[in-house]
Amino acid sequence: VTTLRTLAARLRTAFLRRRGDRDTSEEIRGHLDLLIEEHIRRGVPPDEARDAALRSFGSLTATTEACRETRGFPALDALMQDIRYAARSARKSRGFSFVVVSCIALGVGANTAIFSIVDGILLRPLAYREPDRLVVIRTIIGQVEHLYPTVPANAPQVVRWRGESVSFEDIAAVRPETYTLTGRGEAQIVAGARVSATLLRTLGVKPLEGRFFLEDEDRPGPDDVVVLGYELWKRRFGADRRAVGATLMLDDRRYTIVGVLPASFRFPRQDQMGASLPLPPRLDVMKPLALTEREKTSFGDYSYGVIGRLRPGVTVDRSLADINAIQRRIAASIPTTSKLDLRAAVVPLHELVVGRVRQSLLLALGAVAVVLLIGCVNLAALALARAAVRLRECALRAALGATRARIMRQLLLESLILAGIGGVCGLAVARAMLDVFVAGAPVAVPRLDEVQLDVRVASFAFALTALASMLFGLAPAWRGGRSDPQRALQSSNRSATEGRAPARLRGLLIGVEVALTMALLVVAGLLVNSLVRVAQVDPGFDVQRIAVSDVTLPITRYPTTADRSRFADQLLTELTRMPGIVLPAIGSRRPLGGEAGINFLARADDVRPIFERPTGNYRTVSAGYFRALGIPLVAGRTFDESDRKRQVVVVSQRTASRLWPGEPAVGKRIRSSDTSPAVDVIGVVSDTREVDLQKDPPLMAYVPYWGRAPLALSLIVRTDAPLDHVAPQVRAAIARIDPQVPVTPVQTMEELVAAAVAPRRFQAILMAAFAGTALLLSCIGIYGALSYAVARRSGELAIRAALGAQPAQLVGQVVSSGMKPVAVGLAAGLVGALFLGKGLSSLLFGVDPRDPATILVVSVLLAVVAGAACYFPARKASHADPIAALRSE
Amino acid sequence: MLLLAVNMSEKLDVLHGALELMVLRTLDALGPLHGYGVARRIEQISDGALALNQGTLYPALIRLEQKGLITAKWGPSDNNRRAKFYALTARGRKHLAAETNRWGQVAQLLARFLTPGEV
């Protein structure tokens, strides 16, 4: 207890030290006065009394010192002293401190932000139980593998995989669907899926309210139950627990709600479970899979995503062999003319979810690491230069009795303080960058909602700060601590020329900096170049003055093609009458919506086995589709009313030249399969990139909507009025025809194009920002190092000037001494960038990873910036007045 | 535990523990007192046998205060100046009693130890 009490008292007084000192000195003064009076009383003459008093009191300084030490912690006091000293000297050299703090803040901030993202997306496991045992199983059909490496599973496969495989604890299938939700309020499209009753058990997730489906409900009949997603539960039922047991109207059918999923539940989105599976960003409703007998034998319907949980200890390869054995049995059981090459792919779920963005993220992480490294190199160069200047100061302190450890500690403290401030600023920078990143990132980045600035990341930032501060703090501390006071103080002059070692070290630092910057600049240059090329791509259709919206017809109200095409007719008529609308059109898929309606697209007289025939994208469109989108007609004609009675098709140029090379296509016939009817080609339109802006146009075939109108339509409206004028009109027109039909928000084609390019733009801007930061940092570094070198050599330069050297000669000399390491670094960076470029090609568009133009531009930019950074210190040197320079020594 | 040492000038030099005990005993006997008073009293009692640099008293006073054995309060001194008066606390009184007892035992032990003929 006593020790604690003492400690508390010491702590208290440590912070009230000034008062303690004042108290002590007043007390001692009083004591001395009394002592003097006493001596006088005893008869000592007054002028001697004081000396006598001091003699019997002992050393005043020693007493005060002893009191102070007793009061506080001597070590702590010394530390506080060092901190104060360090803070003072940091304040004194404001420019240096500013550069240090901003270098660290930028480096740490960017690193933390990017690390948070990488951590949230790549490193942190998916929010499922033991996610490393979860895999996605996809089908490989050897005959179409060159077109579609993998496709989703079909129902017969799902049934047999579940029944016959031995590698899995559980297998669950998911079939994405959309439903029209009616009942309370406005009709609404909700994204949902039919899922196996085993899904939650497979994932290892528990419902928030109620229960998940029973095995018995996973069959037609008792499958009139649903589980709600958290969002829909909140939106539609105000998060009321009594929703469980209530009914829900989907597509005019009545369902009982049996459970609610937790808010944290995430399901892989579109493309995260492999291509061609239209999973929505959020599942609002789940229904039991309940495969019908027809579905169980429907071999052509590849629409099921399959997730499996591996048994403990089973490898992915073993499970693949297991599934492939089943696939061979399935293939053998199908009676076809050509033997079906049926296989499977088993991919870890995590790999699929983040695989697409891993490369981009790692690239960003590498880039920020390089930026931080450049910052550190800068700091090291700066601190080294300063340490040389401060050698005298250190020597003086050593001469006054400071130990080497104390001097080192003090120098280290100085860099730690700056690094600490930089680190704190860095956290603020990270926060801001993260906000910008999350707000600016394209929606396609997975798990973005799981990204947060957490404690682990913050400690990562501080670890980095400490490391950075050590890197640049230790070197000068070591040199400062080692300096021999006598020699340093005796040589009152800095030597006329600089030693060889520091010059070489400086050259090395500059070279490293330039090399890193060069590599980063090349990567950024290639990405920006790709972005520019994507922006210059001719989509083949008009982008301006076109509005797009998706309309989904409820299947219960529009069960047949006739119903749907009647709706389409009415809608087109209704819209044509409206002011501001130049031309309305309908398509089965919005432009840039990706591959859809894929089928075999072959000449009617093609006799090859079906899998050897070409495939294409089919679009169901209205007659005005081509004119509305500005797609030029190359040959023949487009649809008109007279075609309602017959089967016709319009093909793209590429289709025409592929099927009938060198011959006119109009008048020929195509067929999608041996059983489907042959269709007359009545026209050829030019190729477009309406499937994917960044891919070559695929084979396209357009059929009129009255033949087979789909439930999901895309409304394309050419307009001469602004969007906010068109949007309400479109909504009103649809509501007049059928208020039960839900519509998505109206977007402009420009927005669609921007969204399609957004991921690429985002990445290019990010990398350009990093490269720019790196360039700025190296520029500062080169300037700083060279300025210092010029200051050191001012004597030498002055002598040269006095001996008749022309200013131009001096400038040339300094610039060349600075540009030598720059040139070496440039070459090294170029080699690195070429090496790096190979792994980069998948991120590029229309640009070779060794694109000479990009490399040339980047090299020139870097050389010019470095040259400028060298020139300004050099010019200062040439203005040196010999007399002033020599005198200042 | 050796608490007293003989210094070069053959005068007794007092180590921390002993000096603190003397301070406590002085305050116990005379009541609240300033530093000068305590020093005077110790010198009187030791009768010149103790070469006390009066300054060494002050760190001891601070230590005792930190341990909560004495309290310090500013007040007017005899010559109408401000002085810090130290007073024994209840803890200090208890501590003094215990230490006096222990010192007695140590003194007895040493006396027996150092008496010729013993051991």
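Letters A, B, ... are given to chains in the order of the sequence lines, protein chains preceding strands, and every chain is numbered from 1. These numbers come from a predicted model, not from an experiment. Basis for what follows: all heavy atoms, side chains included, without hydrogens, waters or symmetry-related copies.
Highest contact tally toward chain B, considering only Ile28(A), Thr63(A), Leu35(A), is held by Leu35(A) [criterion: heavy-atom pairs under 4.5 Å].
From Leu34(A), atom CG reaches atom NE2 of His34(B) across 5.5 Å, with rounding to the nearest 0.5 Å.
For Ala39(B), the part sitting under 4.5 Å from any heavy atom of chain A is the side chain, from C-beta outward, and nothing else. With a 4.5 angstrom heavy-atom cutoff, Arg29(A) does not touch chain B via any of its atoms.
Using cut-offs of 30° and 60° on the angle between ring planes, the pair Tyr36(B) and His31(A) is perpendicular.
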